[in-house]
Each structure stands twice: as structure tokens, then as C-alpha cells.
Amino acid sequence: QVQLVESGGGLVQPGGSLRLSCAASGIILAYNNVGWFRQAPGKEREGVSCISSSTESTYYTDSVKGRFTISRDNAKNTVYLQMTSLKPEDTAVYSCATVRGRCGSGWFTDYWGQGTQVTVSS
């Protein structure tokens, strides 16, 4: 019943931008903290960003600070990740998930999307 669907991934050149979307059905994202995660080949899954249910706090991992921005549109039941100044090392499958507890502290998740591929290459 609960479904999260990511979109917006693709191939982009270094320095380019993409906006990822996490659209939900069967759940009201406004009631949940939502995180973005990524996993590159040979690397552990990494929590990239998180936004609180109240939108009063956000979290970014150090490697994306100043380049990525997380936001939500509750009317559309969607959370976004705006990515700018993309680097090849940002290449990964990006997934969204609801997060239990505090953003950036533990990353305890409940529901996941299938992920969208982001490839940064010239």
C-alpha cells in the first residue's frame, strides 16, 4: 500500500544539476522525516540528506553541503533533492526513505523507494 517512487535521475556532466523527486502514495510524507540515501558500486550506502516532518531541521552529509538542497511540497506529497555542482563521485543509485527518529542520527528507516540512477560523467 505504501509506495515511494523516485524520479529525476539520469546522465549529467560534471558541474551540472539534477532535481530528484520522491513521490509517495499510501502515506503522508508531511508526517514523516524523509531521507535521501545513495549507494555507489563497492561502497556502503550513505545517508545524504534528511528533512524533518516539521521542516524545521535539515541534515546534509559533509560531502554535499553547499551543493545539495532538500525540500518538500506537502501539497504534492513529494520530497525533493536539488543537486548542483555535481561531481563524478556523486554517481550512485539514489533512494528515498522515511526515517525514524532524528535526521542524521541513526538513519532508522521504514519505507523505501526503488531508487533512481544518477551518473555524473563527461
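As a basis for the values below, the full set of heavy atoms in this structure was taken, side chains included, without hydrogen atoms, waters or symmetry mates.
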- Do Leu4 and Trp112 share a hydrophobic cluster (ILVMFWY, side-chain heavy atoms under 4.5 Å, transitive)? no
- Honestly curious: do Tyr80 and Val48 fall in one hydrophobic cluster under the side-chain, below-4.5 Å linking rule?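 Different clusters.
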- Task: Classify the ring geometry between Tyr94 and Phe68 as parallel (under 30°), tilted (30 to 60°) or perpendicular (over 60°).
- Result: tilted
- What do you reckon, is CD of Gln117 surrounded by more than 12 foreign heavy atoms closer than 6.0 Å? yes
- Task: Start with the C-alpha gap between Val79 and Cys96, add the side-chain angles, then the distance that decides, and say whether side-chain contact (heavy atoms from CB on, under 4.5 Å) holds.
- Result: CA-CA 9 Å; Val79 171; Cys96 62; over 6 Å; no
- Message: Applying side chain to side chain contact (heavy atoms under 4.5 Å, CB included), can you list everything that pairs with Lys43, at least two apart in sequence or on another chain?
- Response: Ala40
- List for me each residue that meets side chain to side chain contact (heavy atoms under 4.5 Å, CB included) alongside Arg67, sequence neighbours excluded, and say none if there are none. Val64, Thr84, Ser85, Lys87, Asp90
- Note on the structure: Rounded to the nearest 0.5 Å, the CD1 atom of Ile51 sits from the OH atom of Tyr59 at a distance of 15.0 Å
- Query: Between atom CZ of Arg38 and atom CZ of Arg45, what is the distance when rounded to the nearest 0.5 Å?
  - Reply: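 If I round to the nearest 0.5 Å, the distance is 14.0 Å.
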Side-chain donor-acceptor distances from residues 13-37 under 3.5 Å, at least two apart:
unit_1: Asn32; atom_1: ND2; unit_2: Ile28; atom_2: O; d: 2.9
unit_1: Asn33; atom_1: OD1; unit_2: Ser53; atom_2: N; d: 2.8
unit_1: Asn33; atom_1: ND2; unit_2: Gly101; atom_2: O; d: 2.4

- Task: Side-chain contact test, heavy atoms from C-beta onward, threshold under 4.5 Å: evaluate it for Thr58 versus Ser49 and give yes or no.
- Result: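 They are not in side-chain contact.
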- Item | Any Cys50 side-chain heavy atom under 4.5 Å of Trp107 side chain | yes
- For Ile70, does its backbone N or O pair with a side-chain atom of Tyr60 as donor and acceptor, under 3.5 Å?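 Present.
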- Query: Got a donor-acceptor contact below 3.5 angstrom from the Thr116 side chain to the Glu6 backbone?
  - Reply: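 Between the backbone of Glu6 and the side chain of Thr116 there is no qualifying donor-acceptor contact (under 3.5 Å).
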- Message: Set out, in order, the CA-CA distance, both residues' side-chain angles and the distance that settles side-chain contact (heavy atoms from CB on, under 4.5 Å) for Ser95 and Val93, then state yes or no.
- Response: CA-CA 7 Å; Ser95 302; Val93 174; 4.2 Å; yes
